[in-house]
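In what follows, a single structure is set out as structure tokens and then discussed.
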Number of protein chains: 2
Amino acid sequence: MKTKDRILDTALTLFNQQGTAAVSTNHIADAAGISPGNLYYHYKNKEEIIGALFERLFAAWAVGFDLPTDQMPTLADVERLVRENFRIVHQYAFIHRELVALLRSDSALHDRFIAVRARGLDGFREIVGALEMSGVLKPLAAPDEVAQLANLCWLISEFWVSSLEVSGQTVDDDGMQRGVDLMLYALKPYLNG
Amino acid sequence: MKTKDRILDTALTLFNQQGTAAVSTNHIADAAGISPGNLYYHYKNKEEIIGALFERLFAAWAVGFDLPTDQMPTLADVERLVRENFRIVHQYAFIHRELVALLRSDSALHDRFIAVRARGLDGFREIVGALEMSGVLKPLAAPDEVAQLANLCWLISEFWVSSLEVSGQTVDDDGMQRGVDLMLYALKPYLNG
DNA sequence: GTCTATATCGCGATAGAC
DNA sequence: GTCTATCGCGATATAGAC
């Protein structure tokens, strides 16, 4: 399983640099130092390569998103979570740059993505709920306030990197920190103490 | 200038349906009921067509974003603004679906977009500032609070439609209303009265 | 598993008649 | 302004040898 993985590594680099449209299977094979035929031995087509990279992304999310279950989450945990997400999103930059378009052209992938995303958003809601329970957040009046607050944080965590790119800013530690700051600002009115 | 515009109308429809990668100049010409050669008489290439559609988007923004200058803006104005933006973003859906990728492959367009976007964000900051002045919002402690609050609203207004699409929800009045609600929720802690 | 060779296709773009 | 015809290219994908 060496070549198969190297194809993915190479494809990820090229996709991130030039976008999926500009990168052909020939380019990938060439950059990976193998023949076009060999690439097609390992993957049916470009779509399957993209799908495999999505699976890598999902795996990275699964690793990055597990919180200690034996203790209540803190605000620092949320911060770490969002920062980690920015890092992953940036690592698979091409996916988020072309996300809506990619999902529209592969409905099976779209279904899979929706499921993974829903789990992530659920997790976020649980964390916000736990923060309220543990007193980090003030008691929220309406029950759907938890959901709204989670939605807000989620939107930032999902699109902040895109926002940086669209506005011509570099996606570095500093830019990511501003995203974290914005999320903390959104939470501030609800913080205790 | 009849054909030239019909090419744009057709291209917009096809791009929104299938994405820029899947739509060739031949497809556009065919759907517009003209020959490929004729299309190239009016536009140098596909990139120029995409650029022209961006200009249409900018024009729509310019029209949709002017507020009455003779009186202070109200919260309802902001609501209207965001809702109008959702409508425009959805009308030029393909642009926001592929935004980062499109801008990366055309640096002149990127510069232009950044300038237009910066003006829009500035306008948003002014409105938030005016809301504070007129007492709709409570006095904000730090001077950069205005900017943070504007950033937050801007992020929602820019990416809410994408968020709907990514999560598999339809982009209809109801979905857009939930985006407006989220923005109002973000503003709520700072509202007077 | 990996290569070379090749078939097929359609895209982008231009030339030249009308 | 609009058409038809066409060239050149590169992309996807497969066949078959090693």
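Any value given below was found using the heavy atoms of this structure, including those in side chains, with hydrogens, waters and symmetry copies removed. Order of the sequence lines sets the chain letters (A, B, ...), proteins ahead of strands, with each chain counted from 1.
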Within residues 18-34 of chain B, residues whose heavy atoms come under 4.0 Å of DNA chain C: S24(B), T25(B), N26(B), H27(B)
Where chain B begins and ends its contact with DNA chain C, read 5' to 3' at 4.0 Å from heavy atoms: dC11(C) to dT14(C)
N/O donor-acceptor pairs under 3.5 Å from side chains in residues 172-179 of chain A, not counting sequence neighbours:
| residue | atom | partner | partner atom | Å |
| --- | --- | --- | --- | --- |
| D172(A) | OD1 | D174(A) | N | 3.3 |
| D172(A) | OD1 | G175(A) | N | 2.9 |
| D172(A) | OD2 | T170(A) | OG1 | 3.0 |
| D174(A) | OD2 | R178(A) | NH1 | 2.6 |
| Q177(A) | OE1 | R83(A) | NH1 | 2.5 |
| Q177(A) | NE2 | D181(A) | OD1 | 2.9 |
| R178(A) | NH2 | Q169(A) | OE1 | 2.3 |

Partners meeting salt bridge (charged side-chain N to carboxylate O under 4.0 Å, His left out) with E158(A) (sequence neighbours left out): R117(A)
Residue-level proximity of residues 40-56 of chain B to DNA chain C when a heavy atom falls under 4.0 Å: Y40(B), N45(B), K46(B)
Side chains of L149(B) and L137(B) in contact at under 4.5 Å (non-hydrogen atoms): yes
The helix from dG1(C)-dC18(D) to dC18(C)-dG1(D): angle between end helix axes, five pairs per end, rounded to 10 degrees: 0°
Residue pairs involving residues 21-34 of chain B (criterion side-chain hydrogen bond (donor to acceptor under 3.5 Å, both in side chains); sequence neighbours excluded): S24(B)-H27(B), T25(B)-Y40(B)
Whether F113(A) and F54(A) hold their rings parallel, tilted or perpendicular, with breakpoints at 30° and 60°: perpendicular
Contacts of Q18(B) that satisfy side-chain hydrogen bond (donor to acceptor under 3.5 Å, both in side chains) - sequence neighbours left out: none
Determine all donor-acceptor pairs shorter than 3.5 Å in which one atom belongs to a side chain in residues 123-133 of chain B; sequence neighbours excluded.
| residue | atom | partner | partner atom | Å |
| --- | --- | --- | --- | --- |
| R125(B) | NH1 | D122(B) | OD1 | 2.7 |
| E132(B) | OE2 | L140(B) | N | 2.7 |

Counterpart residues, salt bridge (charged side-chain N to carboxylate O under 4.0 Å, His left out), relative to R104(A) (two or more places apart): none
Give the table of side-chain donor-acceptor pairs shorter than 3.5 Å for residues 186-193 of chain A, with sequence neighbours excluded, one pair per line with atom names and distance.
| residue | atom | partner | partner atom | Å |
| --- | --- | --- | --- | --- |
| Y190(A) | OH | Y185(B) | OH | 3.4 |
| N192(A) | ND2 | G135(A) | O | 3.0 |

Partner residues of D144(A) under the side-chain hydrogen bond (donor to acceptor under 3.5 Å, both in side chains) criterion, sequence neighbours left out: none
